[in-house]
Amino acid sequence: QVQLVESGGGLVQAGGSLRLSCAASGRTFGSYAMGWFRQTPGKAHEFVAAITRSGSSTYYADSVKGRSTISRDNAKNTVYLQMNSLKPEDTAVYYCAAGPSSYTDPSRYGYWGQGTQVTVSS
């Protein structure tokens, strides 16, 4: 079992950057693939990025590809999402999730954090 806590959200102007962090508890962090998802009111979780257990492979939604980088530090039990050139449409609550593989389908992830709000002003 793993518990996840996100941080790093906030208010930023369009074109700015944020780095989200997700700290995991437990000694099994390295056995989980990690994903970042986002959600706006009334909508389902939207895939943003995922990374394999070792960090050797990463996957991105087309909407953030080229602007975002997912990475992980297994020694620190932490996964990151660096977001650059932010747009107002990136405004959402961002969640990290842990699962057996780096799926884009949120239903394949068993563990979720509480979310962190990202607001991008125009």
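On a predicted model such as this, the values are computed, not experimentally measured, just so you know.
Within a 6.0 Å radius of CD in Q3, no more than 12 heavy atoms belonging to other residues, nucleotides or ligands are found.
The shortest side-chain heavy-atom distance between R72 and T52 does not fall under the 4.5 Å cut-off. Under the 4.5 Å side-chain criterion, counting only non-hydrogen atoms from C-beta, T119 is not in contact with V12.
The heavy-atom pair separating G113 from Y95 by the smallest distance is O-CD2, 3.5 Å. Counting all heavy atoms, side chain and backbone alike, A33 lies closest to P100 at CB-C, 4.4 Å. Taking all atoms of both residues into account, the shortest heavy-atom contact from A14 to S122 is CB-CA, 4.4 Å. The two residues L81 and A49 have their closest heavy-atom pair at CD1-CB, 4.1 Å.
If you chain together hydrophobic residues whose side chains sit under 4.5 Å apart, V2 and M34 fall into the same group. The hydrophobic clustering, which links ILVMFWY residues whose side-chain heavy atoms are closer than 4.5 Å, places L18 and V79 together. At a threshold of 4.5 Å between side-chain heavy atoms, the hydrophobic network of Ile, Leu, Val, Met, Phe, Trp and Tyr places I70 and L86 in one connected group. Taking hydrophobic clusters as Ile, Leu, Val, Met, Phe, Trp and Tyr residues chained together by side-chain heavy-atom distances below 4.5 Å, L4 does not share a cluster with V93. Follow the hydrophobic side-chain contacts under 4.5 Å out from Y111 and you reach I51 in the same cluster.
Here the side chain of T116 pairs a donor or acceptor atom with the backbone of G9 at under 3.5 angstrom. Between the R53 side chain and the F29 main chain, no donor and acceptor come within less than 3.5 Å of each other. Counting only distance, with no hydrogens or angles, the side chain of E46 and the backbone of R38 share no donor-acceptor pair below 3.5 Å. The backbone N or O of S54 sits nowhere less than 3.5 Å from a side-chain atom of S56 that would complete a donor-acceptor pair. Side-chain atoms of Q13 do not come within 3.5 Å of backbone N or O of V120 as any donor-acceptor pair. With R67 contributing its side chain and S85 its backbone, the two residues share a donor-acceptor pair below 3.5 Å. A donor-acceptor pair under 3.5 Å is absent between the side-chain atoms of S68 and the main chain of K65, judged by distance alone.
One finds the CD atom of E6 at 5.0 Å from the SG atom of C22 (value rounded to the nearest 0.5 Å). Between the CE atom in M83 and the CG atom in D90 there is a gap of 6.5 Å [rounded to 0.5 Å].
In this model, a donor atom of one side chain and an acceptor atom of the other lie less than 3.5 Å apart for S17 and N84.
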Show your reasoning for whether side chain to side chain contact (heavy atoms under 4.5 Å, CB included) applies to T69 and Y60.
-> CA-CA 8 Å; T69 303; Y60 298 93; 3.9 Å; yes
Decide yes or no on side chain to side chain contact (heavy atoms under 4.5 Å, CB included) for V118 and T91, but give the supporting numbers first.
-> CA-CA 5 Å; V118 170; T91 295; 5.8 Å; no
Do Q114 and V5 pass the side chain to side chain contact (heavy atoms under 4.5 Å, CB included) test, and can you show the C-alpha distance, the side-chain angles, and the key distance before you say yes or no?
-> CA-CA 7 Å; Q114 84 290 347; V5 179; 4.1 Å; yes
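Between R108 and D105, none of the side-chain N atoms (NZ, or NE/NH1/NH2) sits under 4.0 Å from a carboxylate O, so this pair counts as no salt bridge.
For the ring-ring contact (aromatic ring centres under 6.0 Å, His included) criterion with F37, the lone passing option out of Y103, Y94, Y109 is Y109.
Aromatic rings of W36 and F47 (six-membered ring for Trp) have centroids beyond the 6.0 Å cut-off, not under it.
Ring planes of W112 and H45: tilted class, angle from 30 to 60°.
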